[in-house]
**Q** 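Take this structure first; my questions come after.
Remember, it's a predicted structure, so these values are computed and weren't measured experimentally.
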Amino acid sequence: METGSIPLSSLPGGFDVHATLESGQSYLWRREDGRMYEGDEDGSPWYYIALDLDEQDAATVPLPDGDPHAIRFRVAADSLEWEATCDAHDALVHLLRLDDDLDAIVADAPDEALIGEAYDAYRGLRLVRDPPFGCTVSFICSAQMRVERIHEMVSTLAREYGEPVTLDGRTYHAFPTPDRLAAATEAELRDLGLGYRAPYVQRTAEMVATGEAHPASAAGLAYEDAREYLTRFVGVGEKVADCVLLFSLGYDEAIPLDTWMRTVVSDYYPDCDRGNYTETSRALRERFGGRYAGYVQTYVFHLLRTRE
DNA sequence: TATCCAAGGTAAGTT
DNA sequence: AACTTACCTTGGATA
């Protein structure tokens with residue numbers, strides 16, 4: 001086992017791990033105490049992730065040698081401490097976007113009440129950078145589901161099809177590789193509670209496993225072209241595509257237009273409702289300051305979902 | 001106890 | 001291209 005730490009003072013804008021990992025951006029991390037989404041964090045719990053990535057996903061995550069690997073960390077008084085099966089420093093910085101300058105991103109936001117309230121309430125919330133395949137399947141599962149249940153579904157897939165990885169005596173399960181998921185049947189996935197998403201997950205996994213396409217291949221395309229590319233996967237429409245762009249591929253301007261954001265549009269920015277996804281998305285992106293509009297979206301989403 | 005409803009939507013069929 | 005409808009499952013609200 002290797003260990004290390006990262007001083008919190010080196011993270012501009014701080015790091016709120018609870019807000020970052022329990023706000024519905026990533027479903028690939030879990031809390032050691034199993035109390036994900038069950039209220040405020042109790043002390044400083046450990047969070048862990050196991051990684052067993054295919055070639056394209058592995059190329060996006062800076063790990064020192066081949067998969068699989070497990071990483072866990074917690075945020076102590078003045079540092080982030082980690083333990084892993086390898087030197088995980090660079091992978092943590094990558095996955096949790098610890099190199100983002102939050103102060104600069106917040107300063108870049110439009111001066112509006114709702115946005116200011118969200119940024120003030122959850123300062124330290126960072127976007128995540130999930131491996132593309134796991135992120136894509138997570139959000140295929142997210143259709144018409146509550147955040148807690150999406151997490152359950154992804155955990156179930158990992159338990160049933162994922163590679164076990166042992167770290168210091170504890171065994172974790174990585175999100176399954178495309179091959180392993182492609183080999184599952186629709187019936188099996190339905191039995192695991194995926195409902196009508198079962199064939200979407202299987203067919204998308206098959207597209208990736210056979211090399212027909214890969215979510216990581218969208219990286220580098222112009223934003224709206226990248227979104228269009230991702231919709232070729234079964235179960236991926238414009239909203240899920242925006243989630244993958246924002247939470248995996250670093251398109252910080254992407255604003256997933258979900259039910260919460262549509263409520264925001266009708267309650268706060270009715271003039272941004274242009275009747276269709278693309279145009280409404282463009283209008284809201286403009287209103288959210290453009291370049292980091294997705295950062296604004298994530299804070300506002302979390303604020304609306306957690307207040308009251 | 002039985003029904004209804006909405007949950008971070010998408011695909012397929014119809015105008 | 002815009003509009004409808006069906007779709008699995010589950011927990012919480014309503015009757």
**Q** Does the protein touch nucleotides 4-10 of chain C at the base, only the backbone, or not at all? Give it as B, S and - per nucleotide, heavy atoms under 4.0 Å.
**A** ---BBBS
**Q** Do A:R126 side-chain atoms and A:D100 backbone N/O form a donor-acceptor pair below 3.5 Å?
**A** yes
**Q** Select base, sugar-phosphate, or nothing to describe what A:V147 touches, counting heavy atoms under 4.0 Å on all strands.
**A**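 Since a base atom lies under 4.0 Å of A:V147, the category is base.
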**Q** Could you check whether A:R285 pairs with A:E224 (Lys NZ or Arg NE/NH1/NH2 to Asp/Glu carboxylate O, under 4.0 Å)?
**A** yes
**Q** Need one value for A:S23: base, sugar-phosphate or nothing, where a base atom within 4.0 Å counts as base even if backbone is also close, heavy atoms only.
**A**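 Here A:S23 touches the bases of the nucleic acid.
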**Q** Taking Watson-Crick (N1-N3 plus N6-O4 or O6-N4) and G-U wobble (N1-O2, O6-N3), each under 3.5 Å, can you produce the dot-bracket string of DNA chain C? Use [ ] for crossing pairs and | for inter-strand ones.
**A** |||||||.|||||||
**Q** Does any N or O in the side chain of A:D130 come within less than 3.5 Å of the main-chain N or O of A:C135, such that one atom is a donor and the other an acceptor?
**A**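 No, A:D130 side chain to A:C135 backbone: no donor-acceptor pair under 3.5 Å.
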**Q** Which is true for A:E148 with a 4.0 Å heavy-atom rule: it touches a base, it touches only sugar-phosphate, or it touches nothing?
**A**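 Result for A:E148 = nothing.
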**Q** Starting from C1' on B:dA6, measure out to CH2 on A:W260 and report it in whole angstrom.
**A** 11 Å
**Q** Where the side chain of A:R180 meets the backbone of A:T177, is there a donor-acceptor pair that is under 3.5 Å apart?
**A**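 Not confirmed, A:R180 side chain does not pair with A:T177 backbone.
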**Q** May I ask you to decide if A:P164's main-chain N or O and A:T171's side chain share a donor-acceptor pair within less than 3.5 Å?
**A**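 It does not hold such a pair.
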**Q** Classify the side-chain pair A:H214/A:D54 by whether it contains a donor and acceptor separated by less than 3.5 Å.
**A**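 On atom types as modelled, these side chains qualify, holding a pair under 3.5 Å.
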**Q** Look at all strands and tell whether A:Y277 reaches a base, only sugar-phosphate, or nothing, counting heavy atoms closer than 4.0 Å.
**A**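 The residue A:Y277 makes no contact with any strand.
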**Q** Does A:E32 come within less than 4.0 Å of A:R74, counting only side-chain N to carboxylate O?
**A** no
**Q** Are side-chain N/O atoms of A:E22 and A:Y47 paired as donor and acceptor at under 3.5 Å?
**A**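 Yes, A:Y47 and A:E22 have a side-chain donor paired with an acceptor closer than 3.5 Å.
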